[in-house]
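Read through the structure below, which is laid out as structure tokens, and then see the notes.
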Amino acid sequence: TGPDEADEAVRGTCEDASVCKRFAVSVGYWKDPYIQHFVRQAKERKAPEINRGYYARVHGVSYLIKAFLQKTQCNSQIVNLGAGMDTLFWRLKDENLLPRKYFEVDFPMIVARKIHNIKSKPPLSKPIMESHSGDSLLIDSHSLDSSRYSIVGADLRSSSDLEEKLRKHSLDIHLPTLLVAECVLVYMTPQQSASLLKWAASTFPVAMVINYEQVNMRDRFGQIMIENLQRRHCNLAGVELCSSLDSQRERLLGSGWDNAHAVDMMKVYSFLPQADVKRIEALEFLDEKELFEQLMQHYCICWASKDSSDLGLANIDF
Ligand code: SAM
């Protein structure tokens with residue numbers, strides 16, 4: 001596959017992630033009234049372990065995001081890197097938890113699709129208008145900029161281009177900033193993701209980063225998973241380097257972050273509110289408990305912060 005085809009395959013993963021999320025939502029794993037406006041319903045049922053995995057992913061990531069918003073009292077900004085069709089902006093608004101500004105970045109082609117959905121669906125556009133104040137908001141086919149929500153088309157492999165575009169949309173590097181990369185860094189080479197992480201650590205004096213991705217891919221089970229993913233033409237360039245939780249932490253520390261943490265998704269699952277876990281475990285019968293546990297051990301959430309203002313970001317944990 002050439003570079004364009006590889007990028008095209010990576011863009012396809014955004015559809016996959018959201019279709020899986022929509023399916024899990026339709027079964028009742030969590031509530032998300034917005035995802036239906038971004039992707040079609042899955043043609044086939046997804047396996048219970050996939051749905052549970054997405055439940056842990058969505059809850060684990062949003063748990064850390066909310067902890068950041070609490071520490072900064074929403075006087076902060078979020079930059080969602082490779083956001084795809086993510087609906088977090090709308091869900092945070094419903095919960096009255098919007099930061100000062102919420103940015104999303106993805107390939108221009110994905111951004112164009114997202115903007116098209118926003119423009120044509122009032123349940124998506126209304127919350128943006130409601131949270132907007134001042135002059136009329138700026139919108140064209142590849143970017144949208146309002147007071148609280150902004151989306152830009154950029155390639156994350158070029159930090160300078162990324163920074164320039166975000167600054168045009170009023171990014172304030174002096175505000176506490178949370179960068180989220182949910183299943184994104186793994187599509188870049190180790191050099192590219194390291195340079196993105198370094199850019200973030202050196203640009204924002206007070207910041208936190210959350211990264212969800214594959215880990216522990218070296219054993220036989222991991223090999224099988226990688227082969228399956230590659231068969232679907234995914235360019236999982238970053239898997240090789242980040243083969244363990246330790247190397248995930250080291251990558252963050254080596255990129256200029258302090259207080260790096262990394263936990264596999266089985267740990268995250270065990271930390272989630274047990275009443276809710278009980279509820280979702282009753283939704284679908286899961287035959288292969290062991291398979292589920294293995295699957296969960298091959299994904300992780302890592303996070304790190306740098307906190308010169310002593311907001312307590314270093315204490316954020318499950
Ligand atoms: N974060 C979303 C989620 O978890 O639902 C989407 C995840 S999807 C697996 C990966 C996303 O990262 C895709 O939307 C893809 O277009 C984006 N992406 C990957 N590499 C990128 C790059 N170099 N520049 C911009 N976006 C990129």
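Note that ligands are numbered from 1 as they come in the structure, with each ligand's atoms numbered from 1 the same way.
- Contacts with ligand 1 closer than 4.0 Å are made by side-chain heavy atoms of Lys21 only, the backbone lying farther away.
- Polar contact with ligand 1: present for Arg57 (N/O pair, distance under 3.5 Å).
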Check the pair Arg279, Asp276 against salt bridge (Lys or Arg N to Asp or Glu O under 4.0 Å), reporting the backbone distance first and the verdict last.
CA-CA 5 Å; Arg279 177 187 67 80; Asp276 205 41; 2.8 Å; yes
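- Classified by interplanar angle (parallel below 30°, tilted 30° to 60°, perpendicular above 60°), the ring pair Phe89/Tyr102 is tilted.
- Each of Val111, Val152, Ile115 was scored for a side chain to side chain contact (heavy atoms under 4.5 Å, CB included) with Leu144, with one residue passing: Ile115.
- In this structure, the protein non-hydrogen atom closest to atom 18 (N) of ligand 1 is Phe107 CE1, 3.9 Å.
- Comparing Thr13, Val111, Val105 against atom 9 (C) of ligand 1, the shortest heavy-atom distance belongs to Thr13.
- Ligand 1 has an N or O atom lying under 3.5 Å from an N or O atom of Leu156, backbone or side chain.
- When side chains are defined from C-beta on, Ser131 counts as touching Leu98, because their heavy atoms get closer than 4.5 Å.
- Looking at Cys183 next to ligand 1, no N or O pair under 3.5 Å apart turns up.
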Give every donor-acceptor pair under 3.5 Å between a side-chain atom in residues 32-40 and any protein atom, sequence neighbours left out.
unit_1	atom_1	unit_2	atom_2	d
Asp32	OD1	Tyr34	N	2.9
Asp32	OD1	Ile35	N	3.1
Asp32	OD1	Thr87	OG1	3.4
Asp32	OD2	Thr87	OG1	2.6
Tyr34	OH	Asp94	OD1	3.2
Tyr34	OH	Asp94	OD2	2.5
Gln36	NE2	Pro33	O	3.0

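- Proximity of a side-chain donor or acceptor of Trp90 to a complementary backbone N or O of Leu124 within less than 3.5 Å is detected.
- With respect to Lys278 and Glu281, no salt bridge is recorded, no charged nitrogen being found less than 4.0 Å from a carboxylate O.
- Under a 4.0 Å N-O distance rule, the pair Asp246/Arg249 qualifies as a salt bridge.
- The side-chain heavy atoms of Trp303 and Val263, taken from C-beta on, include a pair separated by under 4.5 Å.
- Nearest to atom 15 (C) of ligand 1 by heavy-atom distance, out of Asp106, Val180, Val184, is Asp106.
- Taking only nitrogen or oxygen atoms, main chain and side chain alike, Arg11 does not reach within less than 3.5 Å of ligand 1.
- Considering Gly82, Gly84, Ser158, Gly12 only, the shortest heavy-atom separation from atom 1 (N) of ligand 1 involves Gly82.
- A donor-acceptor pair under 3.5 Å links the side-chain atoms of Ser247 to the main chain of Ser244, judged by distance alone.
- Taking a 4.0 Å cut-off on heavy atoms, Ser18 fails to register as neighbouring ligand 1.
- At a heavy-atom cutoff of 4.0 Å, ligand 1 is contacted by both the backbone and the side chain of Cys14.
- When heavy-atom distances to ligand 1 are checked against a 4.0 Å cut-off, Ala181 has no atom that comes that close, whether in backbone or side chain.
- Using a 4.0 Å cut-off between charged side-chain N and carboxylate O, Glu164 and Lys168 make a salt bridge.
- Using a 4.0 angstrom heavy-atom cutoff, Met109 does not count as in contact with ligand 1.
- For ligand 1, the polar-atom distance check finds an N/O of Asp155 within less than 3.5 Å of one of the ligand's N/O atoms.
- Nearest protein heavy-atom neighbour of atom 19 (C) of ligand 1: Val10 CG1, 3.3 Å.
- Of all the listed residues (Ala17, Pro108, Ala83), Ala83 holds the heavy atom that lies closest to atom 2 (C) of ligand 1.
- Ala154 counts as a contact of ligand 1, since one of its heavy atoms falls under 4.0 Å from the ligand.
- Considering only non-hydrogen protein atoms, atom 7 (C) of ligand 1 sits nearest to Glu182 O, 3.5 Å.
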